[in-house]
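Comments concern the structure below.
Every chain is numbered from 1 and lettered A, B, ... according to where its sequence line falls, protein lines coming before strand lines.
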Amino acid sequence: MSETIRESAGVASAGPPADVELRSVGPCQYEIACRAGTGMRVPARIFADEELLGQIRRDRSISQLVNVTTLPGIVDAALGMPDMHEGYGFPVGGVAATRLPDGAISPGGIGFDINCGVRLLVSDLRGEDVTPSLEALVHEMSRSVPAGYGRHGRLALTRDEMDRVLGDGCPYLVREHGLGRPEELALIESGGVIAGADPSQVSERAKRRGEDQLGTLGGGNHFIEVQVVDAIFDERAARAFRLFSGQVTVLVHTGSRGLGHQVCTDHVKLMDEALHRYGITVPDRQLACVPFSSPEGRSYFGAMCAAMNFAFCNRQVIAQRARDVFRRVLHDRPGAELRLVYDVAHNTAKVERHGDRTLCVHRKGATRAFGPSSGEIPAAYRGVGQPVLIPGSMGTASYVLAGTDEADALSFSSTCHGAGRAMSRGAAKRRVQGHVLRKELLARGIVVRCPSNQELAEEAPLAYKDVDRVVDVVHRAGIARKVARLRPIGVVKG
DNA sequence: ATGTCC
């Protein structure tokens, strides 16, 4: 058997996606009923409008979401976000909560890029203040943050340092390496350290892959953007997040690189071999899972949390580099100091209380979005909601949203994670030439640094759904609230 | 997403 299980067979009863009956059950909500004899344990529910639903139906993601409803211990419903598309076993843009202690944990429900996520930094400068320095900012950023597939960084972690990164996350980098400010730790999801991390469950191979990757961006849709706030939708929330119209911001979108990928690969294989011992059958081998409380479940959860810490640290290092570049290029000009607004993950599984239940909430391409009354968000944002950071596709807008209290019941406090692919990488390459796209972006005033024209073409805006529409849907559905839109002026890509 | 097939 190959290490990554590639065969994938959907539930026969789910039928071709285009034929699945979707019933409107609320504002921007559609449901596939739980049907007897199909193995479904709960309904599947999708947040979308007609247009996005049409796009979602074009791939196998709806069948995959129906498969997710068969996971042991799943509660309420398997949820699809409006940016949903096909993924490994489980759709990207999918949420599944299983009841603890014995509900399932499935690596496919988190994804290969464990703790892929987003960090937002803001300056006190306005767009026109940086325009003359924009080329230099983007250029220096591309020099100090290695970008692109397979790239390695300038930090080489010893094995002890790696274990501290994996076990202790951002507080370790701040307190023992001076990388970042102590007061900013509270502005990272879970304080930048997941308590359940167990570095001893991360394979040597995974640690080796990660040892020179801290502070690197990676490829695909990962990016660092210099942006300008071009719309404010909620003045009060924007003030709380310290955002203003015309302001220059920096958004970092990356994850756990080869280390997280290897953790996923290792544990999918282990679970594929183990699940029969727990009497579990899944409609697709890519949905391999075990009870959360089993040895294999604890091992994966410990390793996955450690990979989450690695990703938080990766964004921490990159943010420090961006901060240094801003200081240097803008000659310590007042206002050039980058401040952290928030850092949030969108590929995770977390143990959370929802109502009176303790659940393992799988979010794959779905952002945690806690509401104003949550006790687990920074004090500065109580009464407003957690900042929810939504990276758009290259050259298009990104969004800052705020979590809502209603999302607890609607989506286990989860929302979308971005535009979501509408076209495969291959299809995008056939439709777009990288060097043409580069010129088009430049003509729109966007400076791009990307080592590969091919990778650029794969990330063309036409390969993605319309992020404005995706965000409108989550706003209308009540699972997040629009706060501000960010327009890119400089992009560093893999 | 990913040392893009150990």
Evaluate A/E455 against A/R425 for salt bridge (Lys or Arg N to Asp or Glu O under 4.0 Å), listing each step before the verdict. CA-CA 9 Å; A/E455 287 222 30; A/R425 290 172 201 281; over 6 Å; no
A/R159/A/E211 under salt bridge (Lys or Arg N to Asp or Glu O under 4.0 Å): CA gap, chis, key distance, verdict: CA-CA 8 Å; A/R159 189 46 47 94; A/E211 66 193 3; 3.3 Å; yes
A/R323/A/E184 under salt bridge (Lys or Arg N to Asp or Glu O under 4.0 Å): CA gap, chis, key distance, verdict: CA-CA 13 Å; A/R323 189 171 265 167; A/E184 289 184 332; 2.7 Å; yes
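The distance from atom CG of A/N347 to atom P of B/dT2 is 11 Å, rounded to the nearest whole Å. When rounded to the nearest whole Å, the span between CG of A/L259 and C1' of B/dT2 equals 12 Å. Here B/dC5 presents its C1' atom at 10 Å from OH of A/Y149, a figure rounded to the nearest Å. The CG-C1' distance, from A/N115 to B/dT2, rounds to 16 Å in whole Å. We find that CD of A/E455 is positioned 11 Å from C1' of B/dT2, with the value rounded to whole Å. Rounded to an integer number of Å, the gap from OH of A/Y88 to C1' of B/dC5 is 14 Å. Atom CZ in A/R208 sits roughly 16 Å away from atom C1' in B/dT2 (whole-Å rounding). Atom NZ in A/K364 sits about 13 Å away from atom C1' in B/dT2, given to the nearest Å.
At the heavy-atom level, A/H222 lies under 4.0 Å from the strands shown only through sugar-phosphate atoms. Here A/G87 lies out of heavy-atom contact (under 4.0 Å) with every strand. Using a 4.0 Å heavy-atom criterion, one finds that A/Q454 contacts no nucleic acid atom at all. Contacts of A/G258 with the nucleic acid, taken as non-hydrogen atoms under 4.0 Å apart, involve only primed sugar atoms and P, OP1 or OP2. When heavy atoms are screened at a 4.0 angstrom cut-off, A/G111 is found touching no nucleic acid atom at all.
In this structure, A/E296 CD and A/D272 CG are separated by 12.0 Å, a value rounded to the nearest 0.5 Å. Summarising the geometry, atom SG belonging to A/C116 is positioned 3.5 Å from atom NE2 belonging to A/H253; distances are rounded to the nearest 0.5 Å.
Considering only side-chain N and O atoms, A/R425 lies nowhere under 4.0 angstrom from the phosphate OP1 or OP2 of B/dT4.
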